[in-house]
Structure formats: C-alpha cells, structure tokens
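Some notes on the structure that comes next.
Ligands are counted one by one from 1 in listed order, and the atoms in each one are counted from 1 as well.
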Amino acid sequence: MKKIALIIASLFSLTNTFGQSNEPKLIISHLTGDFYIYTTYNTYEGNKIPANGMYLVTNNGVALFDTPWDTTQFQLLLDSIQLKHNKEVTICIATHWHGDRTDGLEYYKQKGIKTYTTKLTDDLCKKNNKKRAEYLIEKDTIFNTGQYSFETYYPGQGHTEDNIVLWFSKEKILYGGCLIKGAEAANLGYLGDGNIFEYETTLKNVQKRYPDPKYIIVSHHNWNNINSLKHSIKMAKKLKRKNRK
Ligand SMILES: [Zn+2]
C-alpha cells in the first residue's frame, strides 16, 4: 500500500514537473500593424511576474525595445522573430537601468545588434553592475529605422531616476516601460530606486506631451487598458500626499 502511494506521489510530481515545463516562457502578441509585444517571466518576492517588451518589424530589420527579463530567452526571442518574420533584430533600446530592461544588452551587442541607452542609464548600469549598451544617447532623440520613426523622451524621475518613454507618433503608441503601471495595478510597484515626490509630476509631463495615445504599453500589467497613465498619476498623487504628512 505504502509503495502504491509512493508511486502515485511520484507520478503526481512527474506530471507537475511536466506541467511546469509546458508553461511558455516567452509569449509574443500582435499589437497593431508591425508592432508586437513580447512577454517573459521572472520571480519577484515569490510571485511569477510578467515583463513586457515590444518589437517593431521594419523594412530595415527589427527594432527591439527593452530585453527579456528571463535570461534564458535572449536567443529564443531572436529565433522566434527570425522564424515569424524572416528578419533579424538590428537595434535594441533599453528604457531604464533595471535588469528587466537591460539584462540582454551585452548578449545582443555580441550578436551584432546596435544597443542603446541614455547616458544617465549607462551611468546607473555601470554603478549597479548591470549590462551596458554600446551606444549612448545624450538627449531626447528621434530614431529613424526603416520606414518608421519614433522619439525617446525623458520626463523626469519616477520609477527610477533615468526612466524614459518612447513615442511612435504616427501610430500613437506610447511605450511607457516600468514608469507607467497597468490600470488594474494596486500600487506603483518597486520604488526602492524611485522618486516618490517627483513621480506624479513626471507622469504628468508624459501626459502633457502625449495627450492622445491610442495604445499605452506598460511593463508588468495588461497593456489593453488606456487608463493606465491616468491611474498611475492618481497613485503617484496619493503616494506623494502620504509621504508629505
Ligand atoms: Zn520593471
């Protein structure tokens, strides 16, 4: 009897292991036109957390925005893009210094991809022993890649002191990274490197500059709710008030 129970138990754990390994580690979703969202996962404080990045298929290769958080997925993302679109990633821009944005920078650099961060992000990567980009941008910059163009914008300190957003004016896509949280988010997430007093102003700067986005892409929540920026501003306002008391 004991033996049977053991066998059943081990069978169970076997199925469990299989179940886990069957969970996808990389999910690619279509956003609009040539824009795609890719999601990888990592564990933070015991919870499995998704991290979204984006890529854009152009007639001059694929532009990648941020890198996978799951370090086992760097190559798989390149392979998946190659398989799906028959194109290579040619450029990669990371939007702040944390690992969920930058971990793949060195790997992609070695693959011949042009990697970019701002100078400020690079300083913080260096200071915090994070992977660094090959090319630095000194100020808000317009990138032209293939038939597409987009701009980088530094709105001030918030999630981190260096967080930037990206804006695709033709498609009205605001890529908010970790600065903007989802409309269902309970809080502004990890603030250990953030600025709780500036966060609201910084988000309002984004809102002022891009008042009419059609899509807002956020790192750790659903991107299909356009109220994410408004909701984040509300949370940042409360946060500031709570800490001023
Ligand atoms: Zn993040």
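For the Zn ion (ligand 1), the neighbouring protein N/O/S atoms at less than 2.8 Å, given as residue and atom, are Asp100 OD2, Cys178 SG, His220 NE2.
Side-chain contact of Thr67 with Asp103: a donor-acceptor pair under 3.5 Å is absent, judged by distance alone. Between His221 and Asn52, the side chains place no donor N or O within less than 3.5 Å of an acceptor N or O (distance only, hydrogens not considered). Defined by atom type and a distance below 3.5 Å, a donor-acceptor pair is missing between the side-chain atoms of Thr58 and Asn60.
Taking the ring centre of Phe197 as origin, the terminal cationic atom of Lys240 falls outside the region bounded by 6.0 Å and 45° from the ring axis.
No more than 12 heavy atoms of other residues, nucleotides or ligands shown are found within 6.0 angstrom of NZ on Lys114.
Residues Trp69 and His98 keep their aromatic ring centres 6.0 Å or farther apart.
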